[in-house]
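Residue numbers begin at 1 in each chain, while the letters A, B, ... track the order of the sequences. What you see below is based on every heavy atom in this structure, not just the backbone, and it leaves out hydrogens, waters and symmetry mates. Every value quoted in this text rests on a predicted model; they were computed, and no experiment measured them.
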There are 2 protein chains.
Amino acid sequence: MKKARSGASARRQIAGTTPAAKVPTAAAGKVAANSRASRGAGRRETILAAALDEFSARGFEATRLDDVARRAGVAKGTIYLYFRDKETLFQELVRAMLTPVIGGIEAMGESDLPVNLLAERIVDLFVREIYETRRQDVIRLMISEGRRFPKLAEFYYREVLSRAVDAMRALLTRAAARGEVPRALVEFPQLIAAPALVAIVWSGLFERYAPLDVRRMLKAHIDLLFVPGRVA
Amino acid sequence: MKKARSGASARRQIAGTTPAAKVPTAAAGKVAANSRASRGAGRRETILAAALDEFSARGFEATRLDDVARRAGVAKGTIYLYFRDKETLFQELVRAMLTPVIGGIEAMGESDLPVNLLAERIVDLFVREIYETRRQDVIRLMISEGRRFPKLAEFYYREVLSRAVDAMRALLTRAAARGEVPRALVEFPQLIAAPALVAIVWSGLFERYAPLDVRRMLKAHIDLLFVPGRVA
DNA sequence: GATCACTGACTGACTGGTCAGTCATTTATA
DNA sequence: TATAAATGACTGACCAGTCAGTCAGTGATC
């Protein structure tokens, strides 16, 4: 990661530090199809999409911004109109992709369905919204590169993981009170999510040697944990 | 990953492709303390140790061989006397660190102790031999970089993972026959190891924000799976 | 609606630092 | 002394980030 030259950019730092962002939603409104405004609005998303492809194929270091630019159909300089530097681009990508799922996760924590039923909904949410989605790649990137981006790891922990864990814990606490779930799970909600992590890591590394039926594995897992007549 | 120049090295490819290797054992025998032979024998291990430090701190791409050399107290050229290139160095490191644990894992698969007891031994083996060891870093590297080293991923799958999975499955099959374990586990032995993966990933990314008592989590997990009076 | 000055998004050749890999030379041993 | 081992200055590819220049689009004016 080359150190930025001292008198760095910031010549006209447009959007690199915009707080929120959403990548998939494309066209932004009512403006004429090819007007300057509407094209400009799509640029950022186009670049993020290209960055997702390149970063998830090659990892952070090995990704060349020339390639991102080419894939986005844009000159390299344009990237720097929207993102301060490569690192910011990466972080914004993670933010943009993962922020939207937070709500869904927290909503789950408030439901009062019996756990075994709720568990199936959560599995379904994971498979449809993450595992069968580009978000899987983003989480994989997070796992792979997170260590060298403490800021990003903290963001991810604060904005995504800790919320998911808390929601899970709330849900499990209520279920445990009803005797539907052993108390140990309340202390380590990670145990519920562990197979999801396995799914993501496994599919990235070993899918070709030993494919994994993720849905069935997750189903098996909840069947193991939520045995109706078990000793709590 | 700069592409290796075409007429690449291989000038005198000494050890880069030696099949087996063990990194930690230092002094190799009976030779006079500072003889060339004995020093030469240690070089490879010294370099691997330095490489472990650098790779696990920075990842594959960001690691500079100049730093590895400095840390090993060796000139950069020396590295190329023992390893064909950076990639080979990385792969040999993973090989050297993980090959030794295979035996221990397979031995576990043959025991006929009751599962709940055996499970505690396995947890103990994992914590002592991997989690509290530099091997944790190597596995983390494997997870992070494995995708871009299909050869290495295959090696790891073939020589380590598949053996572990098979051993686990054998063990679980017998336990299931005795009714100690639900049959679903036999189909997805990954479910047993999942929390170990969580431990490694979590400690790498979030330890500072939310420390995790890994031993207790793993204990909680086996208590959840191996409830004595459960319905098989 | 035709003309034109103005704007700023976009471009891409360029710079400067970086680093994997090389090899002529030096050093240590047998 | 002969030889293998080790060295580290060097080369060349490489790429993040820069910035002077271009030109499509805009909107004011006649």
Side-chain angles (χ1 to χ4, degrees), chain A residues 1-16 31-47 50-51 54-55 58-90, chain B residues 1-16 31-44 46-47 50-51 54-55 58-91:
Chain A
M1 196 186 310
K2 240 149 279 185
K3 193 172 295 174
R5 222 117 346 104
S6 47
S9 64
R11 189 165 58 115
R12 209 191 309 158
Q13 166 218 17
I14 293 190
V31 217
N34 240 25
S35 80
R36 206 192 259 191
S38 72
R39 263 183 38 245
R43 278 284 188 272
R44 196 186 143 87
E45 277 65 39
T46 309
I47 293 169
E54 293 292 327
F55 279 135
R58 303 195 205 301
F60 178 79
E61 299 273 357
T63 289
R64 284 163 302 194
L65 290 197
D66 284 295
D67 290 346
V68 174
R70 183 160 348 116
R71 186 182 286 267
V74 137
K76 181 151 68 143
T78 306
I79 295 177
Y80 288 87
L81 297 178
Y82 292 90
F83 304 93
R84 187 166 58 259
D85 53 21
K86 191 182 178 185
E87 205 171 306
T88 305
L89 172 61
F90 182 76
Chain B
M1 193 192 311
K2 241 149 278 187
K3 194 171 293 173
R5 222 98 8 89
S6 47
S9 63
R11 187 166 58 114
R12 203 194 310 159
Q13 167 217 19
I14 292 191
V31 218
N34 242 25
S35 83
R36 201 190 261 192
S38 71
R39 262 181 40 241
R43 278 280 189 279
R44 197 185 142 88
T46 310
I47 294 169
E54 294 292 327
F55 280 135
R58 307 195 202 300
F60 178 80
E61 297 275 356
T63 289
R64 284 162 303 196
L65 289 196
D66 283 297
D67 290 346
V68 174
R70 183 160 348 116
R71 187 183 285 267
V74 138
K76 180 152 66 146
T78 306
I79 294 176
Y80 287 86
L81 297 177
Y82 292 89
F83 303 93
R84 187 167 58 258
D85 54 21
K86 190 182 178 184
E87 204 170 307
T88 305
L89 172 61
F90 182 75
Q91 304 204 5

(message) Whole angstroms only, please: what is the CZ-P distance between B/Arg64 and C/dA20?
(response) 8 Å
(request) Quickly work out the B/Tyr80 OH to D/dC10 C1' distance and round it to whole Å. (result) 14 Å
(message) I need the CG-C1' distance between A/Leu81 and C/dT11, as an integer number of Å.
(response) 9 Å
(request) Report the distance from atom CD1 of A/Ile79 to atom P of D/dC15, rounded to the nearest whole Å. (result) 14 Å
(request) Quick one: closest heavy-atom pair of A/Ile79 and A/Val68, and the distance? (result) CD1-CG1, 4.0 Å
(request) Go through B/Gln91 and B/Phe83 one step at a time and tell me if the side chain to side chain contact (heavy atoms under 4.5 Å, CB included) criterion holds. (result) CA-CA 10 Å; B/Gln91 304 204 5; B/Phe83 303 93; over 6 Å; no
(request) Kindly indicate whether the side chain of B/Ile47, heavy atoms from C-beta on, has any atom under 4.5 Å from the side chain of B/Arg44. (result) no
(request) Write down the atom of B/Lys86, the atom of B/Glu61, and the distance for their closest heavy-atom approach. (result) NZ-O, 3.2 Å
(message) So, does B/Lys86 get its side chain near the phosphate of C/dA20, meaning an N or O under 4.0 Å from OP1 or OP2?
(response) yes
(request) Output the single nucleotide from C/dT11, D/dG8, D/dA16 whose closest atom is nearest the side chain of A/Thr78. (result) C/dT11
(message) OP1 or OP2 of D/dA6 versus the side-chain N and O atoms of B/Arg43: is any pair under 4.0 Å?
(response) yes
(message) Rounding to an integer number of Å, can you tell me how far B/Lys76 NZ sits from C/dT22 P?
(response) 10 Å
(request) Could you check how far CZ of A/Arg70 sits from C1' of C/dC10, rounded to whole Å? (result) 17 Å
(request) Please state how far atom CG in A/Asp66 lies from atom P in D/dA13, giving the value in whole angstrom units. (result) 17 Å
(request) Using heavy atoms to find the nearest nucleotide of DNA chain C for B/Leu65 and B/Gly77 separately, return the residue whose nucleotide is more 5′. (result) B/Leu65
(request) Give the rounded distance in Å between these two atoms: CZ of B/Phe83 and P of C/dT22. (result) 16 Å
(request) Considering non-hydrogen atoms only, spot the tightest contact between B/Thr46 and B/Ala72 and give its length. (result) CG2-O, 3.5 Å
(request) Could you work out which one of D/dG8, C/dT22, C/dG12 sits closest to the side chain of B/Ala75? (result) D/dG8
(request) Could you tell me whether the phosphate oxygens of C/dA9, OP1 or OP2, come under 4.0 Å of any side-chain nitrogen or oxygen in A/Tyr82? (result) no
